Trainee: 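Have a look at this one before I ask anything.
Naming convention: chains lettered A, B, ... in sequence-line order (proteins, then strands); numbering from 1 in each chain. What you see is a predicted model, and the numbers here were worked out from it, not measured in a lab.
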Number of protein chains: 4
Amino acid sequence: MIIVMKRGAQKSIIDHVLQEITKSGLDPIPLHGTERTVIAVIGDERLLDIHHLRSLPGVNDVMRVLQPYKLASRDTKYENTVIEVNGVKIGSSELAIMAGPCAVENEDQVEATARAVAQYGCKILRGGAFKPRTGPYSFEGLGVSGLKILRAAADRHGLAVVTELMDIRQIDLVSKYADIIQIGARNMQNYDLLNAIGETKKPILLKRGLSATITELLLSAERIILHGNQQVILCERGIRTFETETRNTFGVNSIPLLKELTHLPVIADPSHATGRRSIVPAVALAGIAAGADGLIIEVHPKPDTALCDGDQSITPDMFKKLMKQIKMVAKAVKRTLP
Amino acid sequence: MIIVMKRGAQKSIIDHVLQEITKSGLDPIPLHGTERTVIAVIGDERLLDIHHLRSLPGVNDVMRVLQPYKLASRDTKYENTVIEVNGVKIGSSELAIMAGPCAVENEDQVEATARAVAQYGCKILRGGAFKPRTGPYSFEGLGVSGLKILRAAADRHGLAVVTELMDIRQIDLVSKYADIIQIGARNMQNYDLLNAIGETKKPILLKRGLSATITELLLSAERIILHGNQQVILCERGIRTFETETRNTFGVNSIPLLKELTHLPVIADPSHATGRRSIVPAVALAGIAAGADGLIIEVHPKPDTALCDGDQSITPDMFKKLMKQIKMVAKAVKRTLP
Amino acid sequence: MIIVMKRGAQKSIIDHVLQEITKSGLDPIPLHGTERTVIAVIGDERLLDIHHLRSLPGVNDVMRVLQPYKLASRDTKYENTVIEVNGVKIGSSELAIMAGPCAVENEDQVEATARAVAQYGCKILRGGAFKPRTGPYSFEGLGVSGLKILRAAADRHGLAVVTELMDIRQIDLVSKYADIIQIGARNMQNYDLLNAIGETKKPILLKRGLSATITELLLSAERIILHGNQQVILCERGIRTFETETRNTFGVNSIPLLKELTHLPVIADPSHATGRRSIVPAVALAGIAAGADGLIIEVHPKPDTALCDGDQSITPDMFKKLMKQIKMVAKAVKRTLP
Amino acid sequence: MIIVMKRGAQKSIIDHVLQEITKSGLDPIPLHGTERTVIAVIGDERLLDIHHLRSLPGVNDVMRVLQPYKLASRDTKYENTVIEVNGVKIGSSELAIMAGPCAVENEDQVEATARAVAQYGCKILRGGAFKPRTGPYSFEGLGVSGLKILRAAADRHGLAVVTELMDIRQIDLVSKYADIIQIGARNMQNYDLLNAIGETKKPILLKRGLSATITELLLSAERIILHGNQQVILCERGIRTFETETRNTFGVNSIPLLKELTHLPVIADPSHATGRRSIVPAVALAGIAAGADGLIIEVHPKPDTALCDGDQSITPDMFKKLMKQIKMVAKAVKRTLP
């Protein structure tokens, strides 16, 4: 850690900061510059509280040298973490494609979708039984019966299930039906929920929050790992910016950057990242070209009758065509489809 | 609601949209323009799903005419909602000042703070027993014993207590000690939690999420009211923008705008909105000048020893001086301190 | 255009708005809803001033139905605009790759770069002679002698030249040396400059401003076309968001969306969009996969000695490898390299 | 400056970085930590190019210790810069209120506005003769005749004139009519224009760019000062964020922060910062309460007939009332109206 003192900070003030660092068991090295004093700290700076140091008298700024996460860092574990689900090795050279409807609406809809996506090479079915909705007047999912419909359709077509968990009191319930538990963007910093799923054994799909930095996403993953669960899949699903033509702004930069910073798998969600069906395939391909380990994508047999997010769901036909293109892009980045 | 069709949309496509609207019990009026057809919908558009309409074939865009919230709207209830806590009428011409430490650390710290803020005219003590922390290695609060310390100090000085609830399983516990339950920025869209506190009888302090629009903040308030609790206090605490010199960007525009749009009280949190002690008083005054119904502000007897957010806590002396300035600014906007 | 009146707006107030619209030669149609009146306007709404309408008494909101640009719109001209430079048909199925150093530093540097990029298939050399720099103490380019170095190297290797124009007084000078004139992100809304280059005959590379919406980018293109120059190439080069791990956030969504909205060519700049050499190739491929008509990319023979933006320049070896990958991704989206 | 090396960077790599720093005449101090080496640089780091250092092999990150500006910094000049215009000492305890229409439309409009604002205590008339407009179809100002109208009205009422300069070729023209030259938000990084006005003797009103950081604003001021003109007034006029309910987000935090960082005067523009007439007064008061040295505010005798930005102009009556409130808020922050 680097502590930048205010200009003209007196010796007694500087000494106080040095003592605070020593108290934490680390070694401070004061450097007296032409305009101000800078204190470098040797040792594991994660032991220091950056906010506390910033509040000390005479301190102008405090800068980290190390990343604040450790377990999620590629510096700590160099090899990719590979999570196997339904025979797909997520995080390996194989791409993991998860597809299905936004919300489970009824048996027919899920059956039609599951059949189609399985036919075109998808191994993991997505679908929401509990839906987070901004307004309290929207359809919020079928709940348990939705989970059952999803599971049954997946089983009929040899698919695994990924579905969202929102309420900490439903971990056991959702775990019974899901192969991968999704934590949605709005819950990326719901710390009690993260702690709790850290104690399960299920793979977790952790979506980036609407305004979460890459560092914050990795700190949420760190929390899950720290609580005992190393099977975390990160998901870039678009961030909120000033641009309103698309629902979100797909932060494609984060994909190669996360692959550098962490050993965890990283997938892309082109549906939420755009909110516009017509550009979903192009953005899906961009995610694969950028190095994503897979996709989670909304497919609906009749998007114009969907109860939720129909405007960003693609049709089975579009999905079929997309899978062909993915195969070609995959080759350019040395990836394969299972 | 206004539905803008794509250029050249055929009659059969337009008819399908008209039928969908009629099915929902509303009246569509098609307007054939020079370049495209627009459909205006007469009736309560909150019955229509904007995403569903957008997904219909031939639809280019869908725009709301009404606000998506109703119970929280000043159109529905013109008079200010006034919430009385410890004799302070929050939402009336009286300003509500809530002050105290970021986190409860120990009895001495809370006692010193409570004594000081009570002496300078504050009626409501803030303090965190459960702290949301981005990184899993930071101090997360004293829990129940923190709640007890807070309550005891508040009682000794005739103060009410506002404190944060993070975990839905602790509603009963927190309700026992708090007069106002705070929902933090990270939980503004934790819908199960919002539904649950909607069923309590406690006043709720609802903080604006880091990247929540004003409409989304009001929709979260709507949800709480819909579940039975009308005592919702909104709080502008800064939003995340590209500017990194301050922790957040205080969205002062939202204060007069919220006062126009809703009957609910609106307060400002200059501590989180800035993250820099030296500018907290200036921004606190800005909030009052802009028409806020009060403040929630971090005060710590010794900010440089704080376990949490010391860099944004002001000292009791700064608080004393600030209260004098608030009194003068209040007069300009026809407000008083209790 | 749709004008939403305030709740309870009186007849005389509504009539005044109707008159204002009629005065502009358009037809207003008032629709009296359950809660408020909405006025739909038939005719070319580009003739109305949205700010003026919003300022009329009783008006709550005004929403456009048509896009505010016309000449740049695909609705007006369906076929792609194809701009031919040095045999490359920009905007056709052929990809246009522009590569070279950030700033022209000296003859050797430009010669080495030009030779390398030409060898690996690039037809257009980029390089800055006038450099916009945030701080006044940074290297600002070699000026005219930079232009000469660039032109000479390009001619030796059969390349065209794209270079930035910043100062309206230098249009003639820059036009003498450049085949494509670049308008940088900071000048995307320098209207006098846009008007002036609209009167030239040179192809223009118009970069998206740091915080420009897609609509604003298209309005700047519209301005250039309106002043007489239809040869505008749009460039997505990243926008400013809250994320600071990368220099900018590459707005990949804008690529397929712009291709829908406009007939103009759209290219991607992965160098400025990321600011990090290690992720430039991944983001370049993402741009192509998303449907870009080409790339503008920084290549430097020795990035660690660069006077400008060395941290985002790739080496000739990286460029060579990237060109191979581009070829493979191009096939998936039915594109070719010339 | 602090240079953080990559984990495991070899000695030869580190030595190369040390040499590069020594070459620039500064002293590097390598600190070998538990995980990586950090190099602290003693001396004036403004001599080093941060991008160049970042591009050196083995470098992970580079962090500034000093601010990149010097002439604009309060560290360099502690006393407030006071700029006297028409008897108002801008930057002193006296508040500078600049008011008038967005655009000069005709003599009557300017006369009515000038008379009203002068009557209520304003000393500086604002008004645009050259208007930057996003779309090419909007009213762009009266040009020279607008300057003449503005000057004549100001002279009749004993007012100074502040007006915007957009085109570098019109410096002499605008200087003839204006007492203060305004550089608009879109031109905050138009470096040739900044360099040129740095060579004039006129006070400059420099508006913060739509997505400019506080540091970038100060670097643009630095540029003007470096070119010879120390009379720079900074203006916070709102930044672009995800919130669309208001035209911009008034960055009120920047006001007290700028007053800490720089000796230059800082004023607020509540009109552009909000875009909504009804909240302009509240936000104006917030600016004063936060410590602004003045305001620039749009006043129009009949906002609903304005050719430009009528929706954010206040009426003379609203201005009169606001001036009374400003007087009261001013007292709380030890300011006066002239």
Side-chain angles (χ1 to χ4, degrees), chain B residues 67 208 210-218 236 238-261 268 270 273-276 278-292 321-322 324-334, chain D residues 67 208 210-218 236 238-261 268 270 273-276 278-292 321-322 324-334:
Chain B
Q67 297 149 337
R208 182 180 185 181
L210 216 56
S211 63
T213 62
I214 287 173
T215 301
E216 288 168 346
L217 174 59
L218 287 169
E236 166 65 48
I239 56 172
R240 179 165 278 181
T241 69
F242 63 82
E243 179 62 71
T244 57
E245 284 286 324
T246 50
R247 183 170 175 175
N248 292 299
T249 295
F250 182 52
V252 72
N253 287 358
S254 73
I255 291 174
L257 188 55
L258 281 168
K259 294 299 292 177
E260 262 181 48
L261 297 173
T274 61
R276 291 174 82 120
S278 64
I279 66 171
V280 165
V283 171
L285 292 177
I288 297 299
K321 191 186 157 206
L322 175 60
K324 279 191 197 158
Q325 290 182 291
I326 288 173
K327 209 172 170 179
M328 295 173 78
V329 172
K331 212 182 279 181
V333 290
K334 304 217 163 115
Chain D
Q67 296 149 337
R208 183 180 185 181
L210 215 56
S211 63
T213 62
I214 288 174
T215 301
E216 288 168 346
L217 173 61
L218 288 169
E236 166 65 47
I239 56 173
R240 180 165 277 181
T241 69
F242 62 82
E243 179 61 71
T244 56
E245 284 285 324
T246 50
R247 182 170 175 174
N248 292 299
T249 295
F250 182 51
V252 71
N253 286 358
S254 73
I255 292 174
L257 188 56
L258 280 167
K259 295 297 294 177
E260 262 182 47
L261 297 173
T274 60
R276 290 173 84 121
S278 64
I279 66 171
V280 165
V283 171
L285 292 176
I288 298 299
K321 191 186 157 206
L322 175 61
K324 279 192 196 155
Q325 289 182 291
I326 288 174
K327 210 172 169 179
M328 295 173 78
V329 172
K331 212 182 278 179
V333 290
K334 304 216 164 117

Trainee: As an exercise, state the distance from CD of B/Gln325 to NZ of D/Lys334, rounded to the nearest 0.5 Å.
Mentor: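 It is 7.5 Å, given to the nearest 0.5 Å.
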Trainee: Below 4.5 Å from any heavy atom of chain B, which atoms of D/Ala284 appear? Answer side chain, backbone, both or neither.
Mentor: neither
Trainee: I need the D/Glu245 CD to B/Leu257 CG distance, nearest 0.5 Å.
Mentor: 6.0 Å
Trainee: Picking from B/Ile255, B/Leu261, B/Val283, which has the most non-hydrogen pairs under 4.5 angstrom with chain D?
Mentor: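 That would be B/Val283.
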Trainee: Please report the interatomic distance CD1(B/Ile214) to OG1(D/Thr246), rounded to the nearest 0.5 Å.
Mentor: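 One gets 6.0 Å once the value is rounded to the nearest 0.5 Å.
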Trainee: Please flag which part of D/Ser278 lies under 4.5 Å from any non-hydrogen atom of chain B: side chain, backbone, both or neither.
Mentor: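 For D/Ser278, heavy atoms of backbone and side chain both lie under 4.5 Å from chain B.
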Trainee: Picking from B/Thr249, B/Ile239, B/Thr213, B/Asn253, what satisfies side chain to side chain contact (heavy atoms under 4.5 Å, CB included) with D/Thr241?
Mentor: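 Testing D/Thr241 for a side chain to side chain contact (heavy atoms under 4.5 Å, CB included) against B/Thr249, B/Ile239, B/Thr213, B/Asn253 leaves exactly one candidate, B/Ile239.
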Trainee: Chain B: which of D/Gly291, D/Pro256, D/Gly251 shares the most heavy-atom pairs with it under 4.5 Å?
Mentor: D/Pro256
Trainee: Measure D/Glu216 against the heavy atoms of chain B and call it side chain, backbone, both or neither at under 4.5 Å.
Mentor: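 For D/Glu216, there is no contact with chain B at all, as no heavy atom is under 4.5 Å.
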Trainee: When rounded to the nearest 0.5 angstrom, what is the spacing between CD1 in B/Ile279 and CG in D/Leu258?
Mentor: 10.0 Å
Trainee: Check whether D/Arg240 gets within reach of chain B through its side chain, its backbone, both or neither, counting any heavy atom under 4.5 Å.
Mentor: backbone
Trainee: Go through the structure and list residues passing side chain to side chain contact (heavy atoms under 4.5 Å, CB included) with B/Ala273, not counting sequence neighbours.
Mentor: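 Expected list: B/Phe250.
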Trainee: What heavy-atom pair brings D/Arg208 and B/Phe242 nearest, and what distance separates the two atoms?
Mentor: NH2-CE1, 4.3 Å
Trainee: Write out all pairs satisfying side-chain hydrogen bond (donor to acceptor under 3.5 Å, both in side chains) with one or both partners inside residues 279-291 of chain B, taking only residues at least two apart or from two chains.
Mentor: none
Trainee: Taking every heavy-atom pair that is under 4.5 Å apart, which of D/Met328, D/Arg276, D/Glu243 has the most such pairs with chain B?
Mentor: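 Max contact count across the listed options: D/Glu243.
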